[in-house]
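Below, chain A is the first sequence line, B the second, and so on; all start at residue 1. Here the structure is a predicted model, which is why all the values come from computation and not from measurement.
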Amino acid sequence: MRRDLLYTVLALAVLALTVAPLGGAVFLLGFVYGDSPCVMCWEQRAGMAIIALIGLVILRHGPRPKYIGLAVLVAAWGLFMGLRHVGMHAARDIGQGFSIEILGAHTYTWAVLIFWIAVVLMGALLLLMRESDAAGTPPAMQPLGRLALAVYLVVTAGNIVQAFASTGPPPFMGQGDPVRFSFNPQHWVWSLEEWSPAPVSLRGRWAAEKPGYAGLATDPAKGPLANLPVLAVRERKMLALPIRGTATDLAYDAATDRFLLTTGNGVYIADGSMSRVLRSTVVDPGYSIDLGRFAGAAFLDSRTVMAAGENKSYVILTERDRPDADRNFRYFLESFEAFDEDRRSRLGTVRARMMYTMSLAFDPVASSLYTVTVPNTQTKRLVISRFDRSDLTLSEEYSPALDPASGLQTAGPQRSLHELYVTGATVADGRLYAVSAAYSTLIAVDLTTHRVVAAHAIPGLERPAGLAIRGNDLYIVGEGGSVSIVGKPGG
Amino acid sequence: MEFLNFVLMFVVALLLARRRSHERLAFRLLVASVLLMVALFAIATRTALLPGVNY
């Protein structure tokens, strides 16, 4: 491309960037509509202004490598800023953005697009630039370039005015939730809130660790509930099934007298005596939706099972007489003729969001599935989520409270049910039974009143991973393959 | 602080318009402006520096 044409294109790009996003933001959105940028918007606006300024520097002094390099770095940082900002709002419900919406998208979304265009334009101009243009004395600034510079000065002056009114002189800086812009000093709010001490983190509340047993206290006497009655283990045995990996959950189907056992990604159906595997497969967790590591299992009916990962993603498998082995190759890592995969999706939660689960229970009476959260370092809440079987959509969600009539009490004012670490659950008689690996405690939650109506200590449990009910017995499978059988409370 | 940053940019633009020979000073001010922008954004997002989404 000819050098003068190249500079014309660059001047037009600078002019467009200066007038549309920068000028429009300050003069139209700011001075006319009273919009005040949040602190992140301010920095994205500054990034755009710097890119335009580097364009002017190149128009004046030529395309030196350090100018081009700086422009690329600022555009890359701008893209990151835009993505960081979009990440705060992009996953919310329809239309739930932040601040002003322009042509169907909020300002931070436009920032991503603008920085992306800047990167593309820089690449295109570099591609079209002749090597001889990179060296030598740059030409005198064209009228279009001078116009761009003049407009830039005016727009930047406008930004100086708005920045002074909205954010104040140093050390004041932009705010997370700024007040509406006004030329009246009485309405100016200058804040130092961003300078207040706060923990530095890469991912904030998203830095939740994967669930596990490490560090869990197991002594029921030190748990959040005081003076729990003891539920003695009536029988304990070791699984003798040929399974790969450690057990992660257990379920029972009375109609066929079979157990369902899961491992990290294995699904095993065993006979009622737990001595023989009748059917099994290993699911490919990374195909399509990431299932993670299975932590919950349930019979949906005598031929349909569901396995849920810690991340609340799930797969539904159906036993069929003639599974399509060729089709199943994509879903399973082995045993392609054991099941058909019918569905793979995710359970969406609200209160249980940002927490993993390690349990799954199915209530055929209410035709509902239940999960119970495990706390993490970022979020500590015991939340029971109910999903209707028909559409596997969240239908109810709550944190259970102690039933006053149960006589249960916390061990102190600072203790709560949120300390429990539920790793297995099952439903019977309108109650959700949940076993907590922390403090080896079994709780019974009335599914109508949402209250904990009973709780027992079960000393000696070894990393309980799953809970199933068979008649009046509760089967608790340990991660290491032990099976502890206790009588159902009140059963 | 944003006020200061736009003042820096304004000064750089003025140098481009009026003092072409002050190229090195303009570039240094430009770099200062970039660093200030990066620092302010990092301060504002220090409790979660990366986008809050699944990776």
Within-4.5 Å side-chain heavy-atom neighbours: [X] and [Y]:
{"X": "B:Thr45", "Y": "A:Val39", "answer": "no"}
{"X": "B:Pro51", "Y": "A:Phe80", "answer": "yes"}
{"X": "B:Arg20", "Y": "A:His61", "answer": "yes"}
{"X": "A:Trp77", "Y": "B:Met37", "answer": "yes"}
{"X": "B:Phe6", "Y": "A:Arg45", "answer": "yes"}
{"X": "A:Tyr152", "Y": "B:Met9", "answer": "yes"}
{"X": "A:Glu43", "Y": "B:Met1", "answer": "no"}

Evaluate the criterion side-chain contact (heavy atoms from CB on, under 4.5 Å) for residue pair B:Asn54 and A:Trp206; output intermediate values, then yes/no.
CA-CA 8 Å; B:Asn54 282 308; A:Trp206 286 82; 3.5 Å; yes

Looking only at heavy atoms, which two atoms of A:Ser201 and B:Thr47 are closest? And how far apart?
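Of all heavy-atom pairs spanning A:Ser201 and B:Thr47, the closest is CB-O, 3.3 Å.
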
Under 4.5 Å heavy-atom distance to chain A, tell me which part of [X] shows up: side chain, backbone, both or neither.
{"X": "B:Leu14", "result": "both"}
{"X": "B:Phe27", "result": "side chain"}
{"X": "B:Ala26", "result": "neither"}

Largest heavy-atom contact set with chain B, pairs under 4.5 Å, which of A:Leu73, A:Thr167, A:Ile160:
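Most heavy-atom pairs within the cutoff with chain B belong to A:Ile160.
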
Under 4.5 Å, counting heavy-atom pairs only, tell me which of A:Leu153, A:Val200, A:Val161 racks up the most with chain B.
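Winner by heavy-atom pair count: A:Leu153.
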
If you apply the rule side-chain contact (heavy atoms from CB on, under 4.5 Å), what do you find for B:Phe41 with A:Trp42, and how did you get there?
CA-CA 9 Å; B:Phe41 191 83; A:Trp42 267 120; over 6 Å; no

